[in-house]
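Report on one structure; see the data block that follows.
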Amino acid sequence: MVRAKIKMRDLRGKKKEDLEKQLDDLKTELSQLRVAKVTGGAASKLSKIKLVRKSIARVLTVINQTQREQLNKFFRGKKYKPLDLRPKKTRAMRRLLTKHEKSLKTERQKKKDRHFSLRVYAVKE
């Protein structure tokens with residue numbers, strides 16, 4: 001039975017197995033509280049339902065965040081990443097050329113630059 005609100009800082013240090021065990025406990029407790037609600041249980045039990053639901057959400061959040069963090073670590077430095085791990089930005093921003101692609105010049109442009117470079121003038125005052 002959960003007496004106090006579960007703190008996120010306490011959950012972050014736990015291993016995945018412990019979190020899953022805690023999640024199962026919370027879910028069974030929630031089902032018991034819902035049964036008590038139907039059978040006309042005490043008001044204290046009814047007020048606990050919200051607390052248990054929020055605790056379940058916290059545990060699931062920590063599990064998902066750690067899983068995402070591990071995936072990000074795994075795909076760091078790789079050429080391709082799964083779509084959900086890539087930055088969202090906007091559609092237009094995702095289609096922009098990269099800095100490297102912008103800096104590339106054609107052979108013709110390189111010749112033009114070489115033969116007709118920018119002239120520098122000394123201006124007399």
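Bear in mind the structure is a predicted one, so any value in this text is a computation, not a measurement.
Atom NZ of Lys78 has more than 12 heavy atoms from other residues, nucleotides or ligands within 6.0 Å. Atom NZ of Lys112 sits in a sparse spot, with 12 or fewer heavy atoms from other residues, nucleotides or ligands closer than 6.0 Å. Atom CZ of Arg114 has more than 12 neighbouring heavy atoms from other residues, nucleotides or ligands inside a 6.0 Å radius.
Panel note: side chain Glu101, backbone Thr98; a donor-acceptor pair is recorded below 3.5 Å.
Shortest non-hydrogen contact noted between Ser31 and Thr28 is OG-O, 2.6 Å. Of all heavy-atom pairs between Val52 and Leu26, the closest is CG1-O, 3.4 Å. Looking at every heavy atom in both residues, Leu33 comes nearest to Ile49 through CB-CG1, 3.8 Å. Nearest heavy atom pair, residue Tyr121 against residue Arg119, reads OH-CD, 3.7 Å. When all heavy atoms of Phe75 and Tyr80 are compared, the pair lying nearest together is CD2-O, 3.8 Å. Of all heavy-atom pairs between Arg94 and Pro87, the closest is CD-O, 4.2 Å.
Remark: Lys73 engages Gln70, Arg76 in a side chain to side chain contact (heavy atoms under 4.5 Å, CB included) (not counting sequence neighbours). By the side chain to side chain contact (heavy atoms under 4.5 Å, CB included) test, Asp84 is found to be paired with Arg68, Pro82, residues two or more places apart in sequence or in another chain being considered. For Lys21, the salt bridge (Lys or Arg N to Asp or Glu O under 4.0 Å) partners at least two apart in sequence or on another chain are Asp25. With sequence neighbours excluded, no residue satisfies salt bridge (Lys or Arg N to Asp or Glu O under 4.0 Å) with Asp24. When the salt bridge (Lys or Arg N to Asp or Glu O under 4.0 Å) test is applied to Lys105, the partners found at least two apart in sequence or on another chain are Asp113. For Lys15, the side chain to side chain contact (heavy atoms under 4.5 Å, CB included) criterion is met by Glu17, Asp18, not counting sequence neighbours.
Note: Lys37 NZ to Leu30 CG = 10.0 Å, rounded to the nearest 0.5 Å. The CG atom of Leu19 lies 6.0 Å from the CG atom of Leu11; values are rounded to the nearest 0.5 Å. With rounding to the nearest 0.5 Å, the separation of CG in Leu83 from NZ in Lys88 is 10.5 Å. Rounded to the nearest 0.5 angstrom, Met8 CE and Arg58 CZ are separated by 7.5 Å. With values rounded to the nearest 0.5 angstrom, Lys50 atom NZ is found 12.0 Å from Ser55 atom OG.
No side-chain heavy atom of Leu51 sits under 4.5 Å from any side-chain heavy atom of Lys54. For the pair Leu60/Ile56, a side-chain contact is recorded, criterion being any heavy-atom separation below 4.5 Å from C-beta on.
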_Test side chain to side chain contact (heavy atoms under 4.5 Å, CB included) on Lys14 and Val62; report intermediate values, then the result._
CA-CA 10 Å; Lys14 291 187 176 181; Val62 169; over 6 Å; no
_Run Gln32 and Lys45 through side chain to side chain contact (heavy atoms under 4.5 Å, CB included) and show every step you take._
CA-CA 10 Å; Gln32 290 168 359; Lys45 280 193 175 183; over 6 Å; no
*Worked check of side chain to side chain contact (heavy atoms under 4.5 Å, CB included) between Thr66 and Arg12*: CA-CA 8 Å; Thr66 51; Arg12 292 205 193 282; 6.0 Å; no
